Amino acid sequence: MQKFGGSSLADPSGILRAAQRIAKTRENGYQVVAVVSAMGDTTDELYDLAADVSPRPRPSDLDALLSTGELVSSALLAIALADLGQAPVTFTGSMAGLITDDVHGKAQITDVRPDRIRTCLARGEVPIVAGFQGRTKKGKKITTLGRGGSDLTAVALAAALGAGICEIYTDVDGVYTADPRIVPRARKIGVLSSEVMLEFAASGCKVLHLRCVEYARRFGIPIHVRSSFVPELGTLILPGLDRHPFRKPVKEQPVVTGVGGVNSAAKVIVIGVPDTPDSMARLFQVLSHSGVNVQTIVQNAADSGSRRSDVALIVPATQAAPALAVLDAAQGTIGFQGLQHDGEVGRVSITGVGMRSSPDVFCTFLWTLSEAGIDLDLVEISETYVAAITRSERLEDAERAVRLAFGVARAAEETARSRSRPDKHLDVDGDVRWGHGLRGLTASPASRGR
Ligand code: ASP
Ligand code: MG
């Protein structure tokens, strides 16, 4: 399986480079299935086009539009590959057998039936699949999997076809210990477990889509993230590596392997939730039906007098408005007293292994932030990460302090005042990514609800 990202296919020379890569792999005796993203910023441009035509396009129409970007790439790649003597066959997501639910814009894969791809492979042909899209089971309507979703297409097909490896060709040459744009001396990691990669992805490393890493881990698919511009090996992400017998026991490994920061979250506070056994369940039912991905939940102890408590939710910033809207509509049935939107918040985290069993790591993290004068909103700890929520504007300071404290970046002083390059990715499906200033963010001022 070889997946080529948008930046690898941004122009004709990128298409030719990808074609040569596929042809070379074929010449080495391997079968190849290629999955492609839309060229360069095509998906963003399609979004903008839709916005120019209507302020509120229907999600199903938007999917029909967005899915075309990948079709262009797959056809062009086929044209280039045919010239190299191969027999490419183009596939839409639907033809490739990617069946999804009907949540347009962020559909989940429910089934993969790649029969036509198998037939194609058996004939010695090269299937080229448009990533990021599928179709609903009943209505056969086109769906998209959420921004960055073609990684997921590749891993899902790799799993269904029993591929030996899923290579993700991109514009970086691997996974780094920290964002190399912010930390000049961040190191490239050679091999890493899916478990740790999952935490990296969740704490802001955007090299791989979070859902793609989850999927790969669940189905045991090894991923190789590598550059489409240079031939060198990138980073191998192996499922179950932490349990592999040839590895030293986990405790002997350096505990902290990365520091991340994400600035694209928002806090929603549900005030005065009745202290009944079902109110939390009702609350999350409403949210889950609306497709909002809650990243963190904190519930205050109920006030013994009022028998009510406040529940704070951290959601991707782009989902704050929909979360507020559905909660507002359900206020009557759930019976809470009000809603508060705390605008943008930042999440600084360290990732590694054995966090829970290393209280000193946790302590150092908290002391470091307190010495840097960072106010913490809430703190999370798991076996593989420790994270704190803080104000957006303090995130960079927090990250820098934590990196210094854990020696993840000896060169923190060189930190190039973070040329905060706008991120082309919209974060609609809760996978948080490196980088600040996500497009399309509506940073509404803190607004007190009723
Ligand atoms: N073209 C889609 C996007 O930009 C999917 C992808 O790149 O993976 O989100
Ligand atoms: Mg991508």
Side-chain angles (χ1 to χ4, degrees), residues 1-11 14-15 18 33-51 57 59 62-77 90-94 96 98 100 103-109 128-135 142-158 166-172 201 205-216 223 225-228 264 293 316 318-319 421-435 438-441:
M1 181 66 54
Q2 297 188 328
K3 183 254 164 177
F4 297 91
S7 50
S8 310
L9 302 173
D11 50 22
I15 303 268
V33 176
V35 170
V36 292
S37 284
M39 294 173 74
D41 294 330
T42 302
T43 310
D44 288 337
E45 287 158 14
L46 291 171
Y47 258 111
D48 293 347
L49 263 179
L62 198 54
D63 273 357
L65 176 69
L66 295 181
S67 66
T68 61
E70 273 68 14
L71 304 185
V72 172
S73 310
S74 63
L76 283 173
L77 186 55
T90 55
F91 284 83
T92 62
S94 167
L98 277 128
T100 71
V103 183
H104 287 282
K106 51 180 299 191
Q108 304 248 18
I109 296 173
I128 302 180
V129 182
F132 172 59
Q133 54 182 273
R135 69 155 169 87
I142 297 172
T143 50
T144 63
L145 308 177
R147 298 306 304 269
S150 45
D151 289 349
L152 186 60
T153 305
V155 168
L157 277 176
C166 182
E167 292 189 313
I168 307 270
Y169 287 91
T170 178
D171 57 350
V172 294
C205 172
K206 73 165 189 192
V207 176
L208 281 180
H209 195 280
L210 176 63
R211 280 162 60 197
C212 147
V213 183
E214 278 169 3
Y215 206 103
I223 295 180
V225 177
R226 59 192 304 187
S227 164
S228 41
S264 55
N293 287 329
T318 49
Q319 294 184 1
R421 180 197 293 179
D423 196 319
K424 78 162 185 157
H425 296 278
L426 269 176
D427 186 14
V428 294
D429 51 5
D431 60 331
V432 282
R433 291 142 178 255
W434 288 118
L438 292 171
R439 271 167 52 97
L441 261 182

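Residues: numbered from 1 along the sequence shown. Computed from a predicted model, the values in this text were never measured in an experiment. When a ligand or atom number is given, it counts from 1 through the structure's own listing order.
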At under 4.0 Å between heavy atoms, which part of His209 makes contact with ligand 1: side chain, backbone, both or neither? neither
Using distance alone, determine whether Ser150 and ligand 1 share an N or O pair under 3.5 Å. yes
For Thr144 and Ser67, indicate whether the former's side chain and the latter's backbone hold a donor-acceptor pair under 3.5 Å. no
Decide yes or no for Thr153 and Glu70: does some side-chain heavy atom of the first lie under 4.5 Å from some side-chain heavy atom of the second? no
Heavy-atom contact under 4.0 Å between Gly149 and ligand 1? yes
Give the intermediate values and the outcome of side chain to side chain contact (heavy atoms under 4.5 Å, CB included) for residues Ile168 and Leu208. CA-CA 9 Å; Ile168 307 270; Leu208 281 180; 3.9 Å; yes
Could you list the atoms of ligand 1 found under 4.0 angstrom from a heavy atom of Ser37? 6 (C), 7 (O), 8 (O)
Salt-bridge test for Arg147 and Asp44: reply yes if a basic N is under 4.0 Å from a carboxylate O, no otherwise. yes
Could you work out, with side chain to side chain donor-acceptor pair (under 3.5 Å) as the rule, every residue matching Gln2, not counting sequence neighbours? Thr25, Glu167
If you measure every N or O of Gly148 against every N or O of ligand 1, does any of those distances drop under 3.5 Å? yes
Quick one: does Gly131 get a heavy atom under 4.0 Å from ligand 1? no
May I ask you to list the atoms of ligand 1 that are less than 4.0 angstrom from any heavy atom of Glu70? 1 (N), 2 (C), 5 (C)
For Arg147, the ligand 1 atoms with a heavy-atom partner under 4.0 Å come out as 3 (C), 4 (O), 9 (O)
For Lys3 and ligand 1, does the shortest N/O to N/O distance drop below 3.5 Å? no
When you check the side-chain N and O atoms of Asp63 and Thr143, is any donor under 3.5 Å from an acceptor? no
With Tyr169 via ring-ring contact (aromatic ring centres under 6.0 Å, His included) - residues at least two apart: Phe4
